[in-house]
Amino acid sequence: MQIIIYDNAEQVAQNAAQWVLSLLKDKPHPVLGLATGSTPIKLYNELVKHYKAKRTSFAHVTTFNLDEYYDISCDSPQSYRSFMQHHLFDHINIETANTFLPTCNKDQDPRKQGLDYEAYIKQAGGIDLQILGIGANGHIGFNEPTSSLRSRTRIKTLTQQTLLDNSRLFKSNELQPSLAMTMGIASIMDARYILLMATGKHKADAVMQMITQGVSSNCPASILQMHENAVILLDKDAASKLPDHAYYEWVNEQNQHLNEKFGLFHKF
Ligand code: GLP
């Protein structure tokens, strides 16, 4: 894992955007894995800014989102489809047909919906760069603690903490689904590069567990220790319970020198 600590959430988003731009520049048909939640909103704002300034194009990009709520219509304001349209897709030149989210339709077999999603990802050639946030309980996507580390896209029951954390997005008269379809931990691990962003003090415990404790399904994000190309972008608050800040800084300085000398190490 490469751990990079920035002063604030804006810098995290700006640097995450550079990774996405670099993928879009390097690959003629890039495949991007996307996340929802408050954390990536700033990244999406950055990407829209770069697109509007004509610094990038999404014309040949395919996207796969991590998750979607059970039995929620696409046009419901709480659906992750609406979230993505609102924060990103409506403002860039992406083909809607190339933007995929898992389906979790109550009238269809969830196992088939999961398998179909895995097949779509495969057909697209796999995910080049997967954007991730992290739940306060260490979840990635909706892979809650105790999720199998080899899990694939499937229906999951959300924990009380996740329901509570996400309840701010639902009005009191709206039904908050307690089930969701999520890419599995193994599906996420198939991505060629992974970029996890975490900001704010409320993520400090989960971040500390992900980086400094053993790999465990109790903290699903800890599996990233086993990924060849996982980059963790943190603000100071999210990094506040990590030891060795000076070492991470030192590593990043060295990497910059190596990049200058030998070219970027993260060619997609
Ligand atoms: C949600 C999503 C995750 C996200 C996490 C953190 O439940 N399923 O993909 O990373 O919670 O969200 P936030 O960025 O709002 O803290």
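Given the structure is predicted, the values throughout are model-derived calculations rather than measurements. Atoms within a ligand are numbered from 1 in the order they appear, just like the ligands themselves.
With respect to atom 8 (N) of ligand 1, the closest heavy atom belonging to the protein is Asp67 OD2, 2.8 Å. In this structure, the protein non-hydrogen atom closest to atom 2 (C) of ligand 1 is Gly141 O, 3.9 Å. With hydrogens left out, the protein atom closest to atom 11 (O) of ligand 1 is His139 NE2, 3.3 Å, a heavy atom. Nearest protein heavy-atom neighbour of atom 6 (C) of ligand 1: Ile134 O, 3.5 Å. Among protein heavy atoms, atom 12 (O) of ligand 1 sits closest to Gly37 CA, 3.9 Å. Among protein heavy atoms, atom 15 (O) of ligand 1 sits closest to Ser38 N, 2.7 Å.
For an aromatic pair to be called close, the ring centres must be under 6.0 Å apart, and Phe58 with Phe89 fails this. Checked against a 6.0 Å centroid threshold, the rings of Tyr70 and Phe142 do not count as neighbours.
Annotation for Gln225 and Ile211: closest pair NE2-O, 3.9 Å, computed over non-hydrogen atoms. Annotation for His227 and Arg192: closest pair CE1-O, 3.4 Å, computed over non-hydrogen atoms.
Within the listing of ligand 1, atoms 15 (O) sit less than 4.0 angstrom from a heavy atom of Arg168. Remark: ligand 1 atoms within the under-4.0 Å shell around heavy atoms of Lys203 are 6 (C), 13 (P), 14 (O), 16 (O). Residue Asn166 has at least one heavy-atom neighbour below 4.0 Å for each of these atoms of ligand 1: 1 (C), 7 (O). Those atoms of ligand 1 with a heavy atom of Thr39 less than 4.0 angstrom away are 13 (P), 14 (O), 16 (O).
Residue Met183 does not touch ligand 1, judged by heavy-atom distances below 4.0 Å. At a heavy-atom distance under 4.0 Å, no atom of Ile140 approaches ligand 1.
When each of Gln209, Lys201, Met208 is paired with Lys241, the side-chain contact (heavy atoms from CB on, under 4.5 Å) condition holds for Met208 and for no other.
Residue contacts with ligand 1 leave out Gln161, since none of its heavy atoms falls under 4.0 Å from the ligand.
An N or O contact shorter than 3.5 Å is missing between Ala35 and ligand 1 by distance.
Side-chain contact between Leu23 and Lys25 is absent, with no heavy atoms from C-beta onward closer than 4.5 Å.
Between Phe83 and His87, the ring-plane angle classifies as tilted under the 30° and 60° cut-offs. Taking the six-membered ring where tryptophan is involved, the planes of Tyr69 and Tyr80 are tilted, since the angle between them lies from 30° to 60°.
Scanning Gly133, Ala180, Ala206 for the heavy atom closest to atom 10 (O) of ligand 1 points to Gly133.
Here Arg152 pairs with Asp190 in a salt bridge; the nearest charged N to carboxylate O distance falls below 4.0 Å.
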